[in-house]
Structure formats: C-alpha cells, structure tokens
2 protein chains.
Amino acid sequence: MEKSQDALVLLRQIIRATDLHDKHLSRMTGLTMPQLMTMQTLRINGPLTIGMLAKEMNLAQATVTSILDRLERKNLVRRERSNTDKRKVLACPTEQGQELLKSAPTTLQDTFIRQFDDMHDWEQSMIVAALEHVSHILGAHHIDAAPMLDIGALDRTSDNHMPEYLKPTHPPFKN
Amino acid sequence: MEKSQDALVLLRQIIRATDLHDKHLSRMTGLTMPQLMTMQTLRINGPLTIGMLAKEMNLAQATVTSILDRLERKNLVRRERSNTDKRKVLACPTEQGQELLKSAPTTLQDTFIRQFDDMHDWEQSMIVAALEHVSHILGAHHIDAAPMLDIGALDRTSDNHMPEYLKPTHPPFKN
DNA sequence: ATCCATTGCTTTGCATTGCAAAGCATTAAC
DNA sequence: GTTAATGCTTTGCAATGCAAAGCAATGGAT
C-alpha cells in the first residue's frame, strides 16, 4: 500500500518543479509572479475586462486593479474603455508586453512537449490516461485549464475573438 | 501531436486543484498560506532552525523570521535556542499548533489515497510509472518532496528525532 | 589570548500582494 | 426619473518577500 505514497511524492515533485520554474521565470522577466500571471492570462484570453481578469485569476477586483497599475507604469499593458458600456475597462497588452511574453522563455512546457513528442505513441497514451485518472481522483477534471505549465494561466480560449461590445474606442483615461 | 496539449492541460488541472485546495485550507484554519506552509513543514520535519526552514521553503531568512513572529503571537509556535550553538534558534510547534494541524483536514491526499488504493494493481503501477516519466521530463526527479499535496511540505522525515546539538534548553528570549 | 571572517538570526526599509469597504460613474429596471 | 445593480477605483490595513545593515556567537587563524 505504499505505492500511493510514491505517487504522492511524484505529484509533489511535479508541482514543485513548476513552482520553482515560475519563480525562475519571474526573475528572468523582472516581473512578480502575479504580474506575469496577469500577462499570461491576457496573452491567452486576449483583452479582458478587469472583472473578468479577476475571475480568471481568482483574485479580488481591487487586487487586479493595483497589479494593472504597475503593469501600465511599465508600459506592458494599456487600459481602454469599452465604447458600448463605459463602465467596463479593458486590459490590453502593449507591443512591448507582447514582446516580453515572446522573448520570455516558456521552456518548461517546451521541454515537456519536445520530450513528450519523442516518446512512443503507447507511452504518450499511457501518460495521458494516467493523468486523466489522477485529475479525476482530485476532482480536477472540471477545472478550466490552459495548456501552460508556467504561471497559472487559467482559461482555455484559443479563439481570441473579441466581442463587439468589448471593442475599445477611446484612448486611455484618467480618473 | 496534440496529445502533448492534452497532457499539459491535465497537468495544469492537477496543479490548480491542489492550489485551490490550499487556499481552502488556508481559510479553514485562519492562517495565511505561508503560515500554513510553515506549520506543515515543521510538522513533517520536526523542529528546525530558522535557516533550515527558510531553505526548505525557498524563502529568505528574513521572510521566515517575520512569519514566525506572527505564528508565535498566535501561540502556534515557540522559539527556543540551541544550547550548544546559541546562534541557532529552533522553531517548535506548540501544543496548540499541533492541535490545529491535526484538526485541519488534509482531505486532498486522503481522498487521493483512498481512491488510489481502490484501484487495480496494474492501474496503480501505470500511474506511478507515468508520473515518474513526467517528473523526469520536468527535471523534477531530484527534488526532495514529502508525500503531501496540501501546501508545499518539502522534506520527508518521518523520524522526528531531534539531534542532541539542537536540543532546546532555555525559555524563549527577547531581543 | 586576540583578532578575524563566518555563521545565524533579527531589524529596518521598501515594494508588492491581497482584501473589504467606501466611493463614483454608468447602465438597467421599473 | 428615481432606484437598484454593475464595474472599476480608491482607501486603509495586514501580510509577503527581499536586500542590506546590524548584532551575537562560533571557529579558526596566528
């Protein structure tokens, strides 16, 4: 019955490895982890309202506001109002922000994918099946997750279509 | 070649599930996550010097000092000096601290173990093998990890023998 | 014995996270 | 048109997290 212990240790190792890698990435980019997480979330989901961002990241709106303040000061993100609902504010990555994400090595999943693709087909299937099992055991199968190991990107949305009602119009604003 | 994507999503789900569970635990116990992590680390490794604690948790010593200040204020941890090397300070869980850890539900790995043990032997082996593979891919196989999913407890040390040279002597101290 | 570098922890100062509550503007409802 | 709900910001506060400076104890060196 100690095989379960082995499995737990392995899981913990895996989780920890991603954690350490996140911290590494954070140092590389000069951003804090929540800041990086914000950028990644935007990168995956495209421009989002502050409320959406908060929900995606499981943070309070006020928290996201202050994180965005700092990202905006670094010219990595721009705030734009929706033209149809002027209460909403969109967070959009700037050129510079997109550059940073591109230049920032996301080596962890790259490494994973490279090695994974080198494996035999049956090995790949075995791993996916096993992970599915574990995910199910932990009740995680319902959790929305992007295919990103670095920093918690949370929602899969490959089609980055921005709804009409969110289209930005005017330049940033002051309060 | 999209099986790697599936695997990544599953991994992310798993990681996220433990993260959410940690936050839940944190609310239940009334402790912040770093505080809980500290308590768990102490629970697993037994009394540790502040420096060791910091290393285990990958934090700066100064950070751990301030966390311990708050845990001590809550009477969950006691500081004691080593008698042989008076520079060293040991963090020891108090009665109350041990109570809290016992009453705090660690349901995540419990759930895991229960369901895992219900599985067929070949399924168990398959999962362990798959996890081993993943761990190796991520370069995580060298990472010291305790069999704990909740909060990053890091080093396995079931025998909580405290070395002579660390035995506490005098009551807490003031600075 | 005495000086010196090292070790171990704390203090200080600062930036960031995180939240709740209050505030403000816009929108929706009636 | 008044009222309620929504969306974001501001304010105030506690907790992380770190580096740098500080202090005491240790372990060598000579």
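Sequence lines set the chain letters: A, B, ... in the order given, protein chains first and strands last, and positions in each chain run from 1.
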Flag, side chain of B/Ser135 to backbone of B/Leu131, donor-acceptor distance under 3.5 Å: no

Sugar-phosphate only, base, or nothing, as touched by B/Ala60 at under 4.0 Å among non-hydrogen atoms: sugar-phosphate

Within 6.0 Å of CE in B/Met119, more than 12 heavy atoms from elsewhere: yes

Interatomic distance where CG belongs to A/Leu68 and P belongs to D/dG7 [whole Å]: 16 Å

B/Leu59 CG to D/dA19 C1', straight-line distance once rounded to whole Å: 14 Å

Atom pair distance, as rounded to whole Å: CE in B/Met37 and P in D/dA15: 19 Å

Distance, rounded to the nearest Å, where A/Leu53 contributes CG and D/dT9 contributes C1': 15 Å

Under 4.0 angstrom between A/Thr65 side-chain N/O and D/dC8 OP1 or OP2: no

Check: B/Gln35/B/Lys74 side-chain N/O donor and acceptor closer than 3.5 Å: yes

Separation of D/dA24 P from B/Lys88 NZ (nearest whole Å): 20 Å

Distance in angstrom units between B/Asp69 CG and D/dA14 P, rounded: 15 Å

Any B/Thr63 side-chain N or O less than 4.0 Å from OP1/OP2 of D/dC18: yes

Mutual orientation of the aromatic rings belonging to B/His120 and B/Trp122 [parallel < 30°, tilted 30-60°, perpendicular > 60°]: parallel

Euclidean distance, atom CG of residue A/Asn58 to atom C1' of C/dG18 [Å, nearest integer]: 13 Å

A/Leu11-A/Val128 co-clustered via ILVMFWY side chain contacts under 4.5 Å: yes

Atom-pair distance (CG on A/Leu71; P on C/dT17), nearest Å: 8 Å

Show the distances under 3.5 angstrom between N or O atoms of the protein and N or O atoms of nucleotides 26-30 of chain C.
unit_1: C/dT27; atom_1: OP1; unit_2: A/Lys86; atom_2: N; d: 2.9

